[in-house]
There are 2 protein chains.
Amino acid sequence: MGITKTEIFTRQQNETALLMKALGHPARIAIVEYLLSVNACICGDIVNELALAQPTVSQHLKELKNAGIIKGNISGNAICYCIDETAIATLRGYFGGISDNLEKKKKMCC
Amino acid sequence: MGITKTEIFTRQQNETALLMKALGHPARIAIVEYLLSVNACICGDIVNELALAQPTVSQHLKELKNAGIIKGNISGNAICYCIDETAIATLRGYFGGISDNLEKKKKMCC
DNA sequence: TTTTCATATTGCAATATTACGATATAGATT
DNA sequence: AATCTATATCGTAATATTGCAATATGAAAA
């Protein structure tokens, strides 16, 4: 079938998966890292940073934006993108939580 | 086309993306959370936990294993799965790093 | 050794993703 | 207004993913 059965999972699980999925492509990881490497937002030169065509980059930016990982502000005829701290904090918290949990129940097997 | 251009990204970026991609599906998030919710490893009842057919679950487990997020040990005629702390630590560190970084260069815009 | 049980693999249909050329849009510049 | 510049959208081809029925595998139990 090819369609994800979202209805059998919790809302939290679906949302977490969407966040992770948005970062599940090297171009989108590269975009996030680039946004991070420059102070503040980037208005314009994201396309030049990646060896991908402009529509492709635009599409990746859209996906990151839909997932809430980046924010875009219109600034003249360019658009100003930056990382949304909330999403990153969520991810940090998620993995931090798992990590702590694993530490506690340290190892009954494996 | 439809094929990811891995060659234009760093090894790190590709590896991070693969880890995130493996978690970019609610079934795989559910599996990880289930493994975490039970003490130690699970030998057998993962399939019963999810409302998905056995081959589907098997496939998701395989992807998590390939990505290094879970480990599987053969144990009799069952297989014993558990979370690989290394992968989780990597991701925790990754988002922790971004988070710290964002905190520092607190906000020139957006 | 035959059966049983748990998990993996195969094959396939439905759908999603990736990438990009062509084109549209919209604010800035002249 | 005409043009430039930056970004978005459309359409489409190549490929990947999701899910499952059918079947295979392989160890344990009978």
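Numbered from 1 within each chain, the chains take letters A, B, ... in sequence-line order. This one's a predicted model, so the numbers in the text were calculated from it and none came from an experiment.
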> Roughly, in whole Å, what's the span from CD in E49(A) to P in dA6(D)?
Replying inline: 15 Å
>> I need the CG-C1' distance between N66(A) and dT17(C), as an integer number of Å.
In response: 14 Å
> What's the closest nucleotide to the K5(B) side chain, out of dA19(C), dC20(D), dG21(C)?
Replying inline: dA19(C)
>> Starting the side chain at C-beta, find the nucleotide from dA8(C), dG19(D), dC20(C) nearest to L52(B).
In response: dG19(D)
>> Between the base of dA8(C) and the side chain of Q54(B), is one N or O donor paired with an acceptor at under 3.5 angstrom?
In response: yes
> So do L91(A) and I98(B) actually touch side chain to side chain, heavy atoms under 4.5 Å?
Replying inline: no
> Rounded to the nearest Å, what distance is computed from the CD1 atom of residue I46(A) to the C1' atom of nucleotide dT5(D)?
Replying inline: 16 Å
> Counting only side-chain N and O atoms of K62(A), is one of them less than 4.0 Å from OP1 or OP2 of dT7(D)?
Replying inline: no
>> Any heavy-atom pair between the side chains of Y94(B) and L23(A) that's under 4.5 Å?
In response: no
> How many Å lie between CG on N48(B) and C1' on dT7(C), as a whole number?
Replying inline: 12 Å
> Are L18(A) and F95(A) grouped together when hydrophobic residues (ILVMFWY) are joined by side-chain heavy atoms under 4.5 angstrom apart?
Replying inline: no
>> In whole Å, I'd like the distance from the CD atom of E63(B) to the P atom of dT9(C).
In response: 13 Å
>> Quick test of your reading: applying ring pair (Phe, Tyr, Trp, His ring centres under 6.0 Å), list the pairs with at least one residue in residues 5-24 of chain B, sequence neighbours left out, ordered by first then second residue.
In response: none
>> Quick check for you: among dG19(D), dA19(C), dT9(D), whose closest atom lies nearest to any side-chain atom of H60(A)?
In response: dA19(C)
>> Can you tell me if Y81(A) touches the phosphate of dA8(D), counting only side-chain N or O atoms and a distance under 4.0 Å to OP1 or OP2?
In response: yes
> Counting side-chain heavy atoms from C-beta on, which of dG21(C), dT7(C), dT18(C) comes nearest to A53(A)?
Replying inline: dG21(C)
> Within a strict 4.5 Å, meaning less than it, do heavy atoms of the E15(B) and L19(B) side chains meet?
Replying inline: no
>> From CD1 of I31(A) over to P of dT7(D), roughly how many Å is that when rounded to an integer?
In response: 12 Å
> Between L61(A) (CG) and dA19(C) (C1'), how many Å, whole number?
Replying inline: 14 Å
> Between dT9(C), dA19(C), dA8(D), which one does the side chain of Q59(A) approach most closely?
Replying inline: dA19(C)
> Would you call I46(A) and L35(A) a side-chain contact if the rule is heavy atoms closer than 4.5 Å?
Replying inline: yes
Tabulate below the donor-acceptor pairs under 3.5 Å that side-chain atoms of residues 49-61 of chain B make, not counting sequence neighbours, or state none.
{"unit_1": "H60(B)", "atom_1": "ND1", "unit_2": "R28(B)", "atom_2": "NH1", "d": "2.9"}

>> Under 4.0 Å, heavy atom to any atom of DNA chain C: which of residues 7-26 of chain A qualify?
In response: K21(A), H25(A)
>> Nearest to the side chain of T56(A), heavy atoms from C-beta on, is which of dC20(C), dC20(D), dT7(D)?
In response: dC20(C)
